[in-house]
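Structure, as structure tokens:
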Amino acid sequence: IIRSGASITAKNGVRVMMGDKLITEADGTMGVIFSDNTRISLGPDSVVSIDRYIYNPKKGAFAFLTSIAKGTMSYLSGMTGKISPDSVQLKTPTATVGVRGTYFLVEVEPEK
């Protein structure tokens, strides 16, 4: 996890924050469960940024915006995707996708 320029080892119990960049090595994987029960899983050699995450049902505020630069990521919708599906987006190097389903897998090949 890269946070404000510092490297943090990902392990059980480490909180992921808005603005974090999640990086896996060639032999690594990572799973993240957000407070609304959204789940993302990263495959080997992946780079994903948590650009915006808001889950505040009392105020009706929801956002889930991630960017994938390379690698693979699966997404399983939590409450944000169920309550406010328009609030869920994924950016790739070539497009921004609005997520309307509950599960998807995306792969971004590294630039050559």
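Because the structure is predicted, anything quoted here is derived from the model rather than measured.
With contacts defined as side-chain heavy-atom distances shorter than 4.5 Å, the pair Val47/Lys21 qualifies. Met73 has its side chain out of reach of Ser41: every pair of non-hydrogen atoms, C-beta onward, lies at least 4.5 Å apart. Contact of the Ile40 side chain with the Phe64 side chain is registered, since non-hydrogen atoms from C-beta on lie closer than 4.5 Å. Considering only heavy atoms from C-beta on, Val16 comes within 4.5 Å of Leu22 through its side chain. With a 4.5 Å cut-off on side-chain heavy atoms, Thr9 and Val14 do not count as touching. Using a 4.5 Å heavy-atom threshold, the side chains of Thr29 and Leu42 count as separate. Between Ile50 and Phe34 the shortest side-chain heavy-atom distance falls below 4.5 Å. Looking only at side-chain heavy atoms (C-beta outward), Pro93 and Val108 come within less than 4.5 Å of each other.
Considering all non-hydrogen atoms of both residues, Gly43 and Thr24 come closest at O-OG1, 2.6 Å. Residue Arg3 comes nearest to Arg15 through the heavy atom pair NH2-O, 2.6 Å, listed as atom of the first residue, atom of the second, then distance.
A donor and an acceptor atom, one from each side chain of Tyr53 and Thr80, are nowhere located under 3.5 Å apart.
Here the NZ-OG distance, from Lys82 to Ser77, works out to 4.5 Å after rounding to the nearest 0.5 Å.
One N or O on the side chain of Ser87 and one on the backbone of Phe62 form a donor-acceptor pair closer than 3.5 Å.
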